[in-house]
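Heads up: the structure comes next, in structure tokens.
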Amino acid sequence: MASVSASHLILFIASMMIAASVAGVFTDSIGQLSGAISEQGFDVSSDVRTDVEVISDSGSDAIYNSTSATITLYVKNTGTERLAAEPGELDVLVNGQFVTDYTVTRADGDGDWQPGTVVRLDIQRSLALDEDHRVQLTVNGDQEVFEFRT
């Protein structure tokens with residue numbers, strides 16, 4: 001009789017230890033999952049608040065200067081997120097090729113790229129004349145495509 005109670009006690013203690021271990025693992029996993037969801041929510045919120053528009057006229061002769069091999073675009077921050085007006089914050093592709101040689105300047109002064117303000121984007125790239133070209137800008141996940149003819 002005592003041996004049955006002792007074996008039941010051992011099984012009960014073992015099952016309690018296993019349950020406590022499982023509960024500890026679940027608690028830790030749920031905590032990590034909660035943190036990851038919070039971070040992803042913040043990133044998605046930032047992406048949703050980011051919106052830019054290329055406001056340059058695609059038919060203008062001022063887009064491409066063949067003498068200096070410079071593409072000049074004016075881009076407006078139409079979202080609610082404050083953006084940095086500096087190289088490295090934008091991903092720029094010209095005709096499908098990644099470009100790192102570009103400058104970003106606020107059209108109306110210095111500082112951050114506030115909502116409603118415009119930046120001037122000067123991209124150094126030689127282009128063939130009398131052809132169609134495409135510039136893709138990516139800012140915080142927001143993509144804008146600008147097509148023009150030289």
Side-chain angles (χ1 to χ4, degrees), residues 11-150:
L11 287 174
F12 177 74
I13 291 171
S15 64
M16 292 305 286
M17 288 176 56
I18 291 171
S21 297
V22 169
V25 168
F26 280 146
T27 302
D28 184 49
S29 297
I30 289 171
Q32 290 176 354
L33 182 62
S34 173
I37 289 172
S38 294
E39 285 181 30
Q40 186 176 9
F42 180 73
D43 290 344
V44 167
S45 171
S46 178
D47 289 351
V48 167
R49 293 186 317 228
T50 301
D51 190 28
V52 296
E53 295 289 330
V54 178
I55 60 172
S56 296
D57 180 10
S58 62
S60 171
D61 291 337
I63 297 294
Y64 183 66
N65 183 336
S66 59
T67 306
S68 63
T70 304
I71 304 167
T72 301
L73 300 177
Y74 289 93
V75 185
K76 184 174 186 176
N77 182 353
T78 57
T80 58
E81 183 80 5
R82 178 182 299 175
L83 304 169
E86 57 189 43
E89 295 297 319
L90 300 163
D91 289 334
V92 179
L93 285 91
V94 176
N95 296 329
Q97 295 182 343
F98 188 72
V99 176
T100 57
D101 190 13
Y102 65 91
T103 58
V104 181
T105 53
R106 281 254 321 251
D108 60 350
D110 293 330
D112 287 339
W113 190 6
Q114 303 286 339
T117 60
V118 176
V119 296
R120 177 181 169 153
L121 180 64
D122 291 313
I123 306 165
Q124 302 303 315
R125 177 66 101 196
S126 293
L127 298 176
L129 298 177
D130 293 325
E131 289 186 11
D132 292 330
H133 301 283
R134 176 184 167 135
V135 176
Q136 178 180 321
L137 305 174
T138 305
V139 184
N140 283 353
D142 180 48
Q143 291 185 350
E144 289 299 316
V145 175
F146 182 76
E147 295 177 346
F148 65 100
R149 185 169 184 84
T150 53

Original post:
Got Gln143 and Gln136 here, is their nearest side-chain heavy-atom distance under 4.5 Å?
Top reply: yes
Original post:
Less than 4.5 Å apart, any side-chain heavy atom of Glu144 and any of Asp51?
Top reply: yes
Original post:
Within a strict 4.5 Å, meaning less than it, do heavy atoms of the Leu90 and Tyr102 side chains meet?
Top reply: yes
**OP:** Determine the minimum heavy-atom distance between Asp112 and Arg106, stating which atoms define it.
**Re:** O-NH1, 2.5 Å
**OP:** Could you check Val75 against Ile55 for side-chain contact (heavy atoms from CB on, under 4.5 Å), going step by step and ending with a plain yes or no?
**Re:** CA-CA 6 Å; Val75 185; Ile55 60 172; over 6 Å; no
Original post:
Under 3.5 Å, side chain of His133 to main-chain N/O of Ala128, donor-acceptor pair present?
Top reply: yes
Original post:
Can you list the residues that meet the side-chain contact (heavy atoms from CB on, under 4.5 Å) rule with Leu11, with sequence neighbours excluded?
Top reply: none
Subject >> Heavy-atom side-chain proximity of Val135 to Leu73 below 4.5 angstrom >> reply: yes
Subject >> Flag side-chain contact, heavy atom, 4.5 Å: Leu127 against Val94 >> reply: yes
**OP:** Determine yes or no for a side-chain-to-main-chain donor-acceptor pair under 3.5 angstrom, with Tyr74 supplying the side chain and Leu121 the backbone.
**Re:** no
Original post:
For Thr105, which residues count as a side-chain contact (heavy atoms from CB on, under 4.5 Å) partner, sequence neighbours excluded?
Top reply: Arg120
**OP:** I would like to know whether Val104 and Trp113 meet side-chain contact (heavy atoms from CB on, under 4.5 Å); could you show each step before the answer?
**Re:** CA-CA 10 Å; Val104 181; Trp113 190 6; 5.6 Å; no
Original post:
Looking at Ala62 and Thr72, what are the two nearest heavy atoms and their distance?
Top reply: O-CB, 4.1 Å
**OP:** Measure across Ser126 and Ala69 and return the closest heavy-atom pair with its distance rounded to 0.1 Å.
**Re:** OG-CB, 3.7 Å
**OP:** Verify, without hydrogens or angle tests, whether Asp142 (side chain) and Val52 (backbone) share a donor-acceptor contact under 3.5 angstrom.
**Re:** yes
Original post:
Looking only at atom types and distance, does a side-chain atom of Ser21 sit under 3.5 Å from a main-chain N or O of Ala19, one as donor and one as acceptor?
Top reply: no
**OP:** Could you check if a side-chain atom of Ser56 sits within less than 4.5 angstrom of a side-chain atom of Ile63, using non-hydrogen atoms only?
**Re:** yes
Original post:
Looking only at heavy atoms, what is the nearest atom pair of Glu89 and Ala84, with distance?
Top reply: CG-CB, 3.5 Å
Subject >> Counterpart residues, side-chain contact (heavy atoms from CB on, under 4.5 Å), relative to Thr103 (two or more places apart) >> reply: Asp122
Original post:
Taking atom CZ of Arg149 and atom OG of Ser58, what is their separation to the nearest 0.5 Å?
Top reply: 12.0 Å
**OP:** Check for a donor-acceptor pair, side chain of Thr70 on one end and backbone N or O of Ile123 on the other, with a separation under 3.5 Å.
**Re:** no
Original post:
For Phe12, does the CZ atom have more than 12 heavy-atom neighbours from other residues, nucleotides or ligands under 6.0 Å away?
Top reply: no
Original post:
Which atom names give the shortest non-hydrogen contact between Asp91 and Phe98, and what distance separates them?
Top reply: OD1-CE1, 4.0 Å
**OP:** For Asn65 and Thr67, indicate whether the former's side chain and the latter's backbone hold a donor-acceptor pair under 3.5 Å.
**Re:** yes
Subject >> Atom pair CG (Leu93) and CZ (Arg125), whose distance is rounded to the nearest 0.5 Å >> reply: 9.5 Å
Subject >> Arg82, CZ: over 12 other non-hydrogen atoms inside 6.0 angstrom >> reply: no
Subject >> Candidate pair Leu83 and Val139, rule side-chain contact (heavy atoms from CB on, under 4.5 Å), full reasoning >> reply: CA-CA 9 Å; Leu83 304 169; Val139 184; 3.8 Å; yes
Original post:
Heavy-atom distance under 4.5 Å between the side chains of Asn77 and Gln114, does that happen here?
Top reply: no
Original post:
Any chance CG of Asp61 has more than 12 other-residue heavy atoms, nucleotides or ligands included, within less than 6.0 Å?
Top reply: no
Original post:
If you take all heavy atoms of Lys76 and Gly116, which pair is closest and at what distance?
Top reply: CE-O, 3.5 Å
Subject >> Heavy-atom side-chain contact between Phe148 and Asp132 under 4.5 Å >> reply: no
